[in-house]
Amino acid sequence: MQTHAKNTSRWFLDHWYLLFICLVLVMRVFFWFSPSHAEKINMIYLWPMAITATSLVVVQRRMLLSFRFALPGAMALWLFVSCVVNGDPYLVYNRTFMLGIILSFLSFFLVTPSLPPEKRENGFRWLASLYCLLMVGMASLGLYVALTGQSIRTPLSDEAIRISINRLFFLHYHPNEAGSALVIALYLLLYLFASWCGVAKRLLLALAGLVTALAIALTGSRTSVLLAALGVGVLVFWAIYTHLFGKRKWLRWPVGLAALAGVTVALYLALSFSVGFVATLAQHSAAQVPPPAVTDGQPAEPAPQAATPPQNVVRMDDSRVQMQDIGTFNMRVEIWQTGLDYMKAHPRAYLFGVPDNIVARIPQAAGRQEMHMHNAYLEMFLLGGVPGIALYAIFLLLLAYSGLTLAFRRTSGLGTRFLAFVPLLIAVNGITEIYPLFSGNVMDMMYFAIAGTVLSLAGNSLPRIRR
């Protein structure tokens with residue numbers, strides 16, 4: 001009995017921080033739906049919980065963070081210094097932004113390194129499974145909306161899950177934002193698919209991946225669709241590299257790269273045309289309305305109203321000209337130019353950056369309503385100046401080095417090899433968006449959780465302070 005109690009106590013001591021992170025993830029997903037309540041939850045619960053739990057886990061593990069694990073902390077600290085130097089020492093205007101930075105750069109980043117070395121990958125799979133469950137649920141609702149043409153409203157938000165201007169909106173999520181969150185879920189589903197055994201599990205994961213991929217296509221985010229297709233192509237490459245051509249290793253690279261390119265292009269085209277296929281199914285379903293019953297020449301009851309078909313959901317290549325249209329890219333260039341012009345006009349920003357509440361107003365110089373720079377790297381340059389972008393560049397280089405080390409390690413399995421490349425794939429999204437990095441949403445948090453996992457699996461366990 002005492003042994004069982006000790007084992008239970010040891011398990012809780014090892015996993016309490018992981019359980020806390022899972023709780024925060026659920027809270028962030030649901031309270032993001034309702035901005036009017038999110039600020040109250042942030043101030044009353046998340047601020048004190050995040051700071052206390054993150055501090056406790058560092059003290060409990062007696063961690064002396066190595067350079068690679070201290071970098072995100074240094075970035076968070078420098079962004080706070082930028083707020084203070086630029087006149088917001090009490091975070092009156094930037095408290096929500098800084099909370100997102102702390103949760104992402106520190107709390108979620110340390111979740112896997114905080115676990116015992118032998119339990120890290122399994123613990124991360126718990127977190128990944130929870131995130132996938134939440135996102136697949138959203139994707140399923142989105143697919144239902146697209147097929148039926150009926151919006152879904154919940155008490156959690158004053159916005160609906162709906163189809164508008166040829167795109168799928170999830171409550172207060174912008175389609176590009178939802179696409180980014182779903183892409184990370186798709187990557188984690190692929191990782192779990194490659195890591196787990198059993199036909200039933202893999203079939204379930206494949207079905208969840210299909211629903212998620214269709215929802216990504218319905219958001220109309222070209223970057224997300226491309227990254228979804230590229231992720232599957234990367235998994236196929238590693239499957240070929242890991243399992244095929246044992247005695248002809250030189251074939252792994254040409255065959256693997258050819259398969260990567262072919263799968264990426266084919267899946268991108270398939271996802272593009274899937275939007276039109278979903279619209280066709282929706283219109284066919286709406287047309288199947290039974291005629292009213294007739295009694296003595298009169299209808300017995302009013303004819304049922306047919307669900308309004310999603311007429312605005314049409315083929316992606318027809319409505320948005322996804323392959324050729326670069327208009328949205330040109331509009332991003334306008335925003336980027338406003339950011340560069342601001343830096344030229346304010347040389348002090350090169351050293352200390354400017355707070356988020358100021359960066360959010362810069363695109364207005366080009367008559368744009370966006371409240372960010374549509375580029376994570378330019379956003380970091382504005383927020384942190386030269387020191388901030390230098391820290392982030394070093395972090396990305398270390399992440400790339402660790403990912404390559406883990407991916408090409410002989411003992412790494414297929415799932416681990418794929419996971420090692422996921423942070424690099426996600427970083428591509430930062431070229432046209434600020435997430436996953438500065439949105440303060442769940443995709444930022446999962447990005448840093450994945451990054452911390454890759455760094456911890458690639459390197460040694462965190463050193464302890466010597467007494």
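Quick caveat, the model's predicted, so the values are computed rather than measured. We're numbering straight along the sequence, starting at 1.
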Colleague: Return the minimal non-hydrogen interatomic distance between Leu188 and Cys132, and the atom names on each side.
Modeller: CB-SG, 3.5 Å
Colleague: How close do Val136 and Ala208 get, heavy atom to heavy atom, and via which atoms?
Modeller: CG2-CB, 4.0 Å
Colleague: Side chain of Trp336, backbone of His374: donor and acceptor closer than 3.5 Å?
Modeller: yes
Colleague: Between Met138 and Leu134, does a side chain to side chain contact (heavy atoms under 4.5 Å, CB included) hold up when you go through it step by step?
Modeller: CA-CA 7 Å; Met138 285 181 52; Leu134 293 170; over 6 Å; no
Colleague: How long is the gap from CG on Leu210 to CG on Leu205, to the nearest 0.5 Å?
Modeller: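 That separation rounds to 12.5 Å.
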Colleague: Atom CG of Leu133 and atom OG of Ser129: how far apart are they, to the nearest 0.5 Å?
Modeller: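 Between atom CG of Leu133 and atom OG of Ser129 there are 8.5 Å.
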Colleague: Between Ser82 (side chain only) and Trp78 (backbone N and O only), is there a donor and an acceptor less than 3.5 Å apart?
Modeller: no
Colleague: Less than 4.5 Å apart, any side-chain heavy atom of Val145 and any of Leu141?
Modeller: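 No, side chains not in contact.
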Colleague: Nearest 0.5 Å, what's the CG-CG distance between Leu204 and Leu189?
Modeller: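 Going from the CG atom of Leu204 to the CG atom of Leu189 covers 9.0 Å.
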Colleague: Do Glu121 and Thr416 meet the criterion of a side-chain donor-acceptor pair at a distance under 3.5 Å?
Modeller: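 Yes, side-chain donor-acceptor contact under 3.5 Å.
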Colleague: Would the number of heavy atoms belonging to other residues, nucleotides or ligands and lying under 6.0 Å from OH of Tyr93 be above 12?
Modeller: no
Colleague: Looking only at non-hydrogen atoms, find the nearest pair between Tyr447 and Leu399 and report the distance.
Modeller: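 What the structure gives for the nearest pair is OH-CD2, 3.9 Å.
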Colleague: Quick check for you: to the nearest 0.5 Å, what is the distance between Leu18 atom CG and Cys22 atom SG?
Modeller: 4.5 Å
Colleague: Could you measure the distance from the CG atom of Leu23 to the CE atom of Met49? Nearest 0.5 Å is fine.
Modeller: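 The CE atom of Met49 is 5.0 Å from CG of Leu23, to the nearest 0.5 Å.
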Colleague: Tell me, which pairs form a ring pair (Phe, Tyr, Trp, His ring centres under 6.0 Å) where one or both residues lie in residues 183-234, sequence neighbours left out?
Modeller: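 Listed once each, the pairs are Phe124-Tyr191.
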Colleague: Compile the donor-acceptor pairs under 3.5 Å between side chains in residues 98-111 and protein atoms, sequence neighbours left out, one pair per line.
Modeller:
| from | atom 1 | to | atom 2 | distance (Å) |
| --- | --- | --- | --- | --- |
| Ser104 | OG | Gly100 | O | 2.9 |
| Ser107 | OG | Thr54 | OG1 | 2.8 |

Colleague: Counting N and O atoms only, with roles assigned by atom type, does the side chain of Thr338 sit under 3.5 Å from a partner on the main chain of Ile335, one being a donor and the other an acceptor?
Modeller: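 Between the backbone of Ile335 and the side chain of Thr338 there is a qualifying donor-acceptor contact (under 3.5 Å).
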Colleague: Classify the ring geometry of Phe237 against Trp253: parallel below 30°, tilted from 30° to 60°, perpendicular beyond 60°.
Modeller: tilted
Colleague: Is the closest side-chain heavy-atom distance between Met373 and Phe381 below 4.5 Å?
Modeller: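 Of all side-chain heavy-atom pairs linking Phe381 with Met373, none is under 4.5 Å.
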Colleague: Near Tyr144 OH, under 6.0 Å, is it more than 12 heavy atoms from other residues, nucleotides or ligands?
Modeller: no
Colleague: Look at the side chain of Thr453 and the backbone N and O of Thr112, then say whether any donor-acceptor pair between them is shorter than 3.5 Å.
Modeller: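 Checked: no pair found.
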Colleague: I want to check something: taking the side chain as every heavy atom from C-beta on, are Thr219 and Phe169 in contact at a cut-off of under 4.5 Å?
Modeller: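 In short, these two side chains do not touch, never coming nearer than 4.5 Å.
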Colleague: Does a side-chain heavy-atom distance below 4.5 Å link Tyr377 with Leu396?
Modeller: yes
Colleague: Write down the atom of Pro355, the atom of Asn94, and the distance for their closest heavy-atom approach.
Modeller: CB-ND2, 3.5 Å
Colleague: State, without any angle test, whether Thr432 and Thr223 hold a side-chain donor-acceptor pair at a distance under 3.5 Å.
Modeller: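 Checked: Thr432/Thr223 side chains pair up, N/O donor to acceptor below 3.5 Å.
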Colleague: What are the two closest heavy atoms between Ala181 and Met135, and how far apart are they?
Modeller: CB-SD, 3.9 Å
Colleague: Determine whether Asp356 and Phe438 make a side-chain contact, defined as any pair of heavy atoms from C-beta on separated by less than 4.5 Å.
Modeller: no
Colleague: Using side chain to side chain contact (heavy atoms under 4.5 Å, CB included), reason through Val183 and Met443 one step at a time and then give a plain yes or no.
Modeller: CA-CA 9 Å; Val183 164; Met443 51 275 210; over 6 Å; no
Colleague: Could you tell me whether a side-chain N or O of Arg120 sits under 3.5 Å from a main-chain N or O of Pro113, the two making a donor and an acceptor?
Modeller: yes
Colleague: Taking the side chain as everything from C-beta on, heavy atoms only, tell me whether Asn176 gets closer than 4.5 Å to Arg167.
Modeller: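 Asn176 reaches Arg167 side chain to side chain.
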Colleague: Do the side chain of Asn429 and the main chain of Ser224 share a donor and acceptor less than 3.5 angstrom apart?
Modeller: no
Colleague: Grab the two heavy atoms, one from Val275 and one from Ala217, that are nearest each other, plus how far apart they are.
Modeller: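 Residues Val275 and Ala217, closest heavy atoms: CG2-O, 3.5 Å.
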Colleague: What's the spacing between Leu378 CG and Tyr342 OH if we round to 0.5 Å?
Modeller: 12.5 Å
Colleague: Are Tyr173 and Asn441 close enough, and set up right, to give a side chain to side chain contact (heavy atoms under 4.5 Å, CB included), and what steps lead you there?
Modeller: CA-CA 10 Å; Tyr173 284 79; Asn441 209 333; 3.5 Å; yes
Colleague: With sequence neighbours left out, what residues match Ser140 under side chain to side chain donor-acceptor pair (under 3.5 Å)?
Modeller: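 Per chain and number, Ser140 pairs via side chain to side chain donor-acceptor pair (under 3.5 Å) with no residue.
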Colleague: Could you walk me through whether His243 and Leu414 pass side chain to side chain contact (heavy atoms under 4.5 Å, CB included), step by step?
Modeller: CA-CA 9 Å; His243 299 297; Leu414 175 59; 4.2 Å; yes
Colleague: Could you tell me if the side chain of Leu383 sits less than 4.5 Å from the side chain of Tyr392, heavy atoms only?
Modeller: no
Colleague: Just so I know, are the side chains of Leu91 and Phe97 near enough to count as touching, which here means a heavy-atom distance under 4.5 Å?
Modeller: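 No; the side chains remain at least 4.5 Å from each other.
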Colleague: If only atom types and distance count, is the side chain of Ser195 paired as donor or acceptor with the main-chain N or O of Leu192 below 3.5 Å?
Modeller: no
